[in-house]
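Note sheet for the following structure.
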Protein chains: 2
Amino acid sequence: MIGRVEDSVDRHLVRWRGKAPYDERVEGVVTRMQFLVKHLKQFKEAALAQVGMQDFEFETLHRLVAAGGSATPSKLAAEMLLSPAGMTGRLDTLERSGLVRRVRGADDRRRVDVELTPKGRELWTEAMAIRGRVESELVSVLDAGEQQTLDALLKRLLVQAESHR
Amino acid sequence: MIGRVEDSVDRHLVRWRGKAPYDERVEGVVTRMQFLVKHLKQFKEAALAQVGMQDFEFETLHRLVAAGGSATPSKLAAEMLLSPAGMTGRLDTLERSGLVRRVRGADDRRRVDVELTPKGRELWTEAMAIRGRVESELVSVLDAGEQQTLDALLKRLLVQAESHR
DNA sequence: CGAGCATATTTCGCCAGCGAATGTTTCGTC
DNA sequence: GACGAAACATTCGCTGGCGAAATATGCTCG
């Protein structure tokens, strides 16, 4: 390893040296991403509890705001890599909390439009600051140039992943 | 953006330009990691279905092999960022499938030793090749140097995340 | 030596998400 | 213009994971 500092994945990898036909670099990259995502999820959940919201609720509101305040469930589901059934569940809880409203499409009555309520937008704004703080705290250990490098590399992987479907 | 190729996160980000007080780079990094992990999970689940195994079963066996063939549930849970209760559930299904065996610790009878069965080791070996192939296919769009750069950056983030606890 | 405190695991009730099946509405085609 | 196929959302049954409480064992100290 390069530096003297170790993370849990280093400790995991050294146990494997020579034990299996096995690309250490690939394992490292994959495992670290998995752990980072899991840690982020836990940090954000703890932070968002301050405003009585759950991570998945915020993410859904967030996508909805990005879409201009309204979108169809299937579109949201696809964007968030979620099954349609899962999205129905999310929307149920959001609607029950009054953060979101469902409206049958006037033109095509198979569709449903999901709209952000004023209360939903308000809570999203609050949560926005919280989430930004948590994510920044993590990513800011890298300087601007390093962040850009990291982002570019991740993007190339994601392009590959998304082309595979 | 640097290249002309776009991924879904690019498309997401451009909608946000100027709309919120919001670090685009941080959002990019975080969202791409989340999506990559989710994609990986889906790819691996599809691939592992060939040997009738689920992703979480493989990961558990994997950690168990790394630990030398046996470990305690709480140790495994901690290593995998899982709650003790969750680990009990995993071990239940693994034991039911005969891939793993639980043995009460002889010295300290509060403890349980989880041991890999021969069948478990055999199936792990099979799955190993499959998983390696899927992960490599993704990560190999980067050359060796790029992989190393990526790994080093991820590691610095993970060190930060793990120190936060 | 026994009462309480600590440790390790499991049980219990709950929740989010998935795949498959269902009910509607719309479209394409003959 | 009617009928089969496709598009959308939802319901249903199931599963993995979580937090809190329960259980069982070990340790410590008066």
Side-chain angles (χ1 to χ4, degrees), chain A residues 34-35 37-39 41-46 48-49 52-61 63-64 70-97 99-115, chain B residues 34-35 37-39 41-46 48-49 52-61 63 67 70-97 99-115:
Chain A
Q34 287 170 338
F35 279 19
V37 167
K38 207 151 185 177
H39 272 120
K41 192 163 172 261
Q42 291 175 354
F43 292 156
K44 286 201 286 186
E45 272 169 9
L48 283 174
M53 215 189 318
Q54 286 172 284
D55 185 50
F56 79 88
E57 295 183 284
F58 174 75
E59 292 299 336
T60 311
L61 289 188
R63 273 298 196 295
L64 208 44
S70 83
T72 68
S74 44
K75 198 121 183 8
L76 286 174
E79 280 178 7
M80 308 182 70
L81 302 183
L82 205 67
S83 74
M87 184 52 71
T88 297
R90 287 193 177 191
L91 294 175
D92 286 347
T93 73
L94 283 170
E95 197 166 33
R96 232 178 291 122
S97 313
L99 305 178
V100 131
R101 195 173 29 231
R102 271 190 260 223
V103 184
R104 272 281 164 200
D107 47 333
D108 185 340
R109 297 182 46 73
R110 286 171 305 183
R111 292 172 184 256
V112 167
D113 254 314
V114 182
E115 295 176 356
Chain B
Q34 288 171 337
F35 279 19
V37 167
K38 209 152 185 177
H39 272 120
K41 193 165 172 259
Q42 290 174 355
F43 292 156
K44 286 201 286 185
E45 272 169 8
L48 283 175
M53 215 189 317
Q54 287 173 283
D55 185 50
F56 79 88
E57 294 182 285
F58 174 75
E59 292 299 337
T60 311
L61 290 188
R63 274 298 195 294
S70 83
T72 68
S74 44
K75 198 125 177 38
L76 286 174
E79 280 177 8
M80 307 183 72
L81 302 184
L82 206 66
S83 74
M87 185 51 72
T88 295
R90 287 193 177 191
L91 295 175
D92 285 348
T93 71
L94 283 170
E95 197 165 34
R96 229 177 293 121
S97 312
L99 305 179
V100 132
R101 193 172 32 229
R102 272 190 260 224
V103 184
R104 272 281 165 199
D107 47 334
D108 185 340
R109 296 182 48 73
R110 286 171 307 184
R111 290 172 184 257
V112 168
D113 254 314
V114 182
E115 295 175 356

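Treat the numbers as computed from the prediction; the structure is a model and nothing was measured. Chain identifiers are assigned alphabetically (A, B, ...) following the order of the sequence lines, protein sequences preceding nucleic acid strands; residue numbering begins at 1 within each chain. Note: hydrogens, waters and symmetry copies are ignored here, and every other heavy atom, side chains too, is used.
- First and last contacting nucleotides of DNA chain C toward chain B (any atom under 4.0 angstrom from a heavy atom, 5' to 3' order): dA6(C) to dT11(C).
- The minimum heavy-atom distance between Glu57(B) and Ser97(B), with the atom names listed, is OE2-OG, 4.1 Å.
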Under 3.5 Å, which donor-acceptor pairs do the side chains of residues 81-93 of chain A form with other protein atoms, sequence neighbours left out?
unit_1: Ser83(A); atom_1: OG; unit_2: Gly86(A); atom_2: N; d: 3.0
unit_1: Thr88(A); atom_1: OG1; unit_2: Pro84(A); atom_2: O; d: 3.3
unit_1: Arg90(A); atom_1: NH1; unit_2: Thr60(A); atom_2: OG1; d: 3.1
unit_1: Asp92(A); atom_1: OD1; unit_2: Arg102(A); atom_2: NH2; d: 2.2
unit_1: Thr93(A); atom_1: OG1; unit_2: Arg90(A); atom_2: O; d: 3.0

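- Considering all non-hydrogen atoms of both residues, Arg63(B) and Leu76(B) come closest at CB-CD2, 3.9 Å.
- Not counting sequence neighbours, the partners of Glu59(B) by the side chain to side chain donor-acceptor pair (under 3.5 Å) test are Lys44(B), Arg131(B).
- Contact footprint of chain B on DNA chain D: nucleotides with an atom under 4.0 Å from a non-hydrogen protein atom, first to last in 5' to 3' order, dG16(D) to dG26(D).
- In this structure, the side-chain contact (heavy atoms from CB on, under 4.5 Å) partners of Ser70(B), at least two apart in sequence or on a different chain, are Asp113(B), Glu115(B).
- Taking every heavy atom of residues 75-95 of chain B and every atom of DNA chain C, pairs under 4.0 Å involve Pro84(B), Ala85(B), Thr88(B), by number.
- For Glu79(B), the side chain to side chain donor-acceptor pair (under 3.5 Å) test picks out Arg15(A), with sequence neighbours left out.
- Residues from residues 101-110 of chain B that place a heavy atom under 4.0 Å from any atom of DNA chain D, listed by number: Asp107(B), Asp108(B), Arg109(B), Arg110(B).
- With sequence neighbours left out, the side-chain contact (heavy atoms from CB on, under 4.5 Å) criterion links Ala67(B) to Ala71(B).
- Test Leu94(A), Thr72(A), Val103(A), Leu64(A) against Val114(A) for side chain to side chain contact (heavy atoms under 4.5 Å, CB included) and you get one pass: Leu64(A).
- When all heavy atoms of Leu48(B) and Asp55(B) are compared, the pair lying nearest together is CD1-CA, 3.8 Å.
- The salt bridge (charged side-chain N to carboxylate O under 4.0 Å, His left out) check on Lys41(A) picks up Glu45(A), with sequence neighbours excluded.
- Taken from NZ in Lys38(A) to CZ in Phe43(A), the straight-line distance is 13.5 Å, to the nearest 0.5 Å.
- Taking the side chain to side chain donor-acceptor pair (under 3.5 Å) definition, one finds that Asp108(B) meets it with Arg110(B), sequence neighbours left out.
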